[in-house]
Each structure stands twice: as structure tokens, then as C-alpha cells.
Amino acid sequence: MPELPEVETIRRGLENNVLFKRIENVTVGLPKIVRGDLSQFQAAIIGNQFTNISRRAKLLIFHLKKSEPQYLLIHLKMTGQLIYPTDQTLIAGGHPYPDFKSELPNKYTHLMFHFQDQSTLFFNDLRQFGYTQLATTDQLSQLVNSYGLEPGTPSFTWQAFKEKIDLRKRPVKSWLLDQQEIAGLGNIYADEVCLQAGILPNRNTGTLNDSQKHALYQAIKNIISQAIKHRGTTFRNYADHEGKKGGYAKFLQVYGRAEEKCLQCGSIIQKTKVAGRGTHYCPVCQQ
DNA sequence: CTTCTTGTTACTGA
DNA sequence: ATCAGTAACAAGAA
């Protein structure tokens, strides 16, 4: 599922490919994937251009040349993909988009942006939870401000982290997954962060000492930067803008490894439910 | 057939 | 106010 590193990988890929191309047309195959008025959406997009792509948490922000609305937001939720084929032979050769048919468009393609140079950006979503939405400058700033600390930015300091975590008393994993606390972590990286920090996911944040809090802070920084470096994790159906899988899956230490041996101590990795999510942990390395 | 998968929001109840 | 739990969304894998 696309979490921060996967969304960032897509952002970087698209940034190098779709900016400043006139959008000749947009095809909406599944209207509910467009939030708000459909004809207003089409009117705002057709003839427009993307001038920049930014990201906040797992939300992609496409900056439009014509304003207002100035922005197009895209959230991929659990199974959304944004694919911009750059090498036709990749598709002709049946490149396996994870869990999907290799043809584009396919049955999961719900939105297409057709550019002036005949290229197309495909928005696929198996489970149809993803969405796109226009936003004005005011709406965007309101949304951006509602998110928590953004790992990988200069504002993600130990001091800011400590100030936030000190205010809360709740299970660590639940806190990590809360987008208003830390922006961008999802189920996979939350488990990985807890292992690297040596903290049990169901530990209450109120029981952690400063050293343990700092271990969490450092683990978030390490894991997010490593995962971005390896272009994200493909566990099921994540694919980047070219339809390629992420390379971080082979570095996962606990997620998806229930009943297997801990890579550090050899204990059996346990699986339970924390914050309503499947949660993996090492009973020895984590306390 | 059942259960599990998960990002986010809405809702309920403690 | 804070937070836990659950349902909802939807489709597929096991």
C-alpha cells in the first residue's frame, strides 16, 4: 500500500515526466473517483498544465498553471496507482504490474489524463478507495496544516517530535499511524519502526523514557530515508509511475514475517492486532 | 464458504 | 477532551 516512500517515489517519477504538458483531455471511467462536481473538474483540467508536484503525507498535490482552483489532489489510499508509461515495449512485452493486467488501460483504470504529446497518465485503483479532487489555495493550506510532522523535512526535529509525543498517552503504533501526529507512516513502516526502535507496538507512549522516544524518532528517519532510497516497498500491488515494483521489500525485518525467525535474535516473529491493524513484532528484541 | 488485507473517515461509547 | 473500537468503502487472495 502506498505509504510515504511509495508516494514520494511516484511524485519524483511523475515530476520528471508530466510537467508543462498541455492536458488535451481527461477520461473519467468511474465518476465517484472524482470528488466534487465532475463538469467543474473537467473544465479546470482540460487545457491546463501541471507546473509542479508536491506531497504532504500520502497526498499528492499537482500544481495547476491556471488558477483558481490552483491544485489537483490525488490520494491513492490502498491500491491506487499512477502510471505513466515511458517505454512502450515495457507494455507490449507484458510487463507485470503487480497484481494487475499489463494492458493499459485495464479494468482498474478509472481516470486518464491525455497530454498534448499523445502520452497518457493512468489512474488505476483495484479497490476504488482512491480519489482526486480540486482544491483552492485556502483549501490546500487548511489540509496541509491538518497533518503532523513530515519525516525527511528540516522541521522533523527531535525537539518537535518530543513535544508531540509527550502530549499523548496511547499505544505507540496507534500514535505512529495517526497522520495528525506523524505524516506518512502506514502499517508496514509502523511495524518496521517499532522493531528498529526496540519498542513493542502496544506499549503506551506515556510509559516511554526519553531514550526510547529518541529511538523511535531515529528509526522513523532511518527507515523512511532507506525506503525512499530503494523506491518503496511492493508487498502486494504497489507500482511506481513506470509500473515497476519497489525494492525495499527485501529489507523488511518484521512486516509479513509472522512465524518466521527474527533476523536479529532468532525468536519467532509474532502477529497480533494493534490499533485494528495486523501487527508484527519480535517478543525478545522489542520491549 | 470464511477470513484477512489496509488508508481514511464517521460514528459510538467509555 | 481524548481515545479505543468498529463499520464502511471494495475486491481479491488464501
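Residue numbering restarts at 1 for every chain, and letters A, B, ... go by the order of the sequence lines. Only heavy atoms go into these numbers, but all of them, side chains included; no hydrogens, no water, no symmetry mates.
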* Please report, rounded to the nearest Å, how far the P atom of B/dT8 is from the CG atom of A/Leu60. => 12 Å

* **Gap between atom OH of A/Tyr189 and atom CD1 of A/Ile220 - 0.5 Å precision** => 13.5 Å

* Atom-pair distance (CG on A/Leu177; P on B/dT8), nearest Å -> 9 Å

* Asked: Looking only at side-chain N and O atoms, does A/Lys58 come under 4.0 Å of OP1 or OP2 in B/dT8?
  -> yes

* Structure fact -> Regarding the side chain of A/Arg170, the nearest nucleotide among C/dA4, B/dT5, B/dT8 is C/dA4

* To do: Scan A/Tyr255 against the nucleic acid and name what it touches under 4.0 Å (heavy atoms): base, sugar-phosphate only, or nothing.
  => sugar-phosphate

* Between A/Glu259, A/Gln253, A/Glu260, which is the residue that forms a side-chain hydrogen bond (donor to acceptor under 3.5 Å, both in side chains) with A/Arg257? -> A/Glu260

* Could you work out which one of C/dA11, B/dG7, B/dT5 sits closest to the side chain of A/Leu126? => C/dA11

* To do: Taking all heavy atoms of A/Asp125 and all of A/His110, pick out the closest pair and write down the distance.
  => O-NE2, 2.7 Å

* To do: Indicate, with a heavy-atom threshold strictly under 4.0 Å, whether A/Gly278 touches base, sugar-phosphate, or nothing.
  => sugar-phosphate

* Under the criterion side chain to side chain contact (heavy atoms under 4.5 Å, CB included), which of A/Ile223, A/Ile199, A/Asn222 is the partner of A/Val193? -> A/Ile223

Table of protein N/O atoms under 3.5 Å from nucleotides 11-14 of chain B N/O atoms:
none

* Which nucleotide sits closest to the side chain of A/Pro171: B/dG7, C/dA4, C/dA11? -> C/dA4

* Asked: Given C/dA11, is OP1 or OP2 found less than 4.0 Å from the side-chain N or O atoms of A/Thr79?
  -> no

* Would you mind telling me which of A/Glu192, A/Glu3, A/Lys173 makes a side-chain hydrogen bond (donor to acceptor under 3.5 Å, both in side chains) with A/Asn187? => A/Lys173

* Does NZ or CZ of A/Arg35 come closer than 6.0 Å to the centre of the six-membered ring of A/Tyr131, within 45° of the ring's axis? -> yes

* Do any of residues 224-231 of chain A sit with a heavy atom less than 4.0 Å from DNA chain C, and if so which? -> none

* Please collect all ring pair (Phe, Tyr, Trp, His ring centres under 6.0 Å) contacts where either partner lies in residues 264-287 of chain A, sequence neighbours excluded, each pair once. => A/Tyr255-A/His280

* Pairwise P distance for B/dT8 and C/dA1, with rounding to whole Å -> 23 Å

* **Residues touching DNA chain B, which here means a heavy atom under 4.0 Å, drawn from residues 267-277 of chain A** => A/Lys271, A/Arg277

* Closest heavy-atom pair and its distance - A/Thr120, A/Pro85 -> O-CD, 3.5 Å

* Pairwise distance CZ(A/Phe156) to CG(A/Leu149) - rounded to 0.5 angstrom -> 6.0 Å

* Can you tell me the distance, in whole Å, between the CD1 atom of A/Ile74 and the C1' atom of B/dG7? => 16 Å

* Residue pairs involving residues 65-78 of chain A (criterion side chain to side chain donor-acceptor pair (under 3.5 Å); sequence neighbours excluded) -> A/Glu68-A/Thr137

* Involving DNA chain C, stems made of at least three consecutive Watson-Crick or G-U pairs, both distances under 3.5 Å -> B:2-5 with C:11-14, B:7-14 with C:2-9

* Given atom CG of A/Asn187 and atom P of B/dT8, what is their separation to the nearest angstrom? -> 12 Å

* Asked: When the distance from OH of A/Tyr108 to C1' of C/dA11 is rounded to whole Å, what number comes out?
  -> 7 Å

* When you check the phosphate oxygens OP1 and OP2 of B/dG7, does a side-chain N or O of A/His75 lie under 4.0 Å from one of them? -> no

* **Ring geometry between A/His230 and A/Tyr248 (parallel below 30°, tilted from 30 to 60°, perpendicular above 60°)** => tilted

* What pair of heavy atoms forms the shortest contact from A/Thr234 to A/Gly246, and how long is it? -> OG1-N, 2.7 Å

* Asked: What's the CG-P distance between A/Leu167 and C/dT2, to the nearest Å?
  -> 9 Å

* Under 5.5 Å and under 30°: A/Phe129 stacked on B/dT8 -> no

* Would you kindly give the CZ-to-C1' distance between A/Phe235 and C/dA14, to the nearest whole Å? => 13 Å

* **Check: A/Asn52 main-chain N/O paired with A/Glu15 side-chain donor or acceptor under 3.5 Å** => no

* Asked: Counting N and O atoms only, with roles assigned by atom type, does the side chain of A/Arg11 sit under 3.5 Å from a partner on the main chain of A/Leu60, one being a donor and the other an acceptor?
  -> no

* Asked: Any side-chain N or O of A/Arg168 less than 4.0 Å from the OP1 or OP2 oxygen of C/dC3?
  -> yes

* When you compare B/dT2 with C/dA7, how far apart are their P atoms, in angstrom units rounded to a whole number? -> 16 Å

* **Distance below 4.0 Å between A/Gln179 side-chain N/O and B/dG7 OP1 or OP2** => no

* What's the CZ-C1' distance between A/Arg236 and B/dC4, to the nearest Å? -> 8 Å

* Please determine, for the side chain of A/Lys107, which listed nucleotide (C/dG12, B/dG7, C/dA4) has the closest atom? => C/dG12

* What are the two closest heavy atoms between A/Cys194 and A/Pro201, and how far apart are they? -> SG-CA, 4.0 Å

* To do: Would you check, one step at a time, whether the test salt bridge (charged side-chain N to carboxylate O under 4.0 Å, His left out) holds for A/Asp166 with A/Lys162?
  => CA-CA 6 Å; A/Asp166 282 351; A/Lys162 179 173 157 50; 2.7 Å; yes

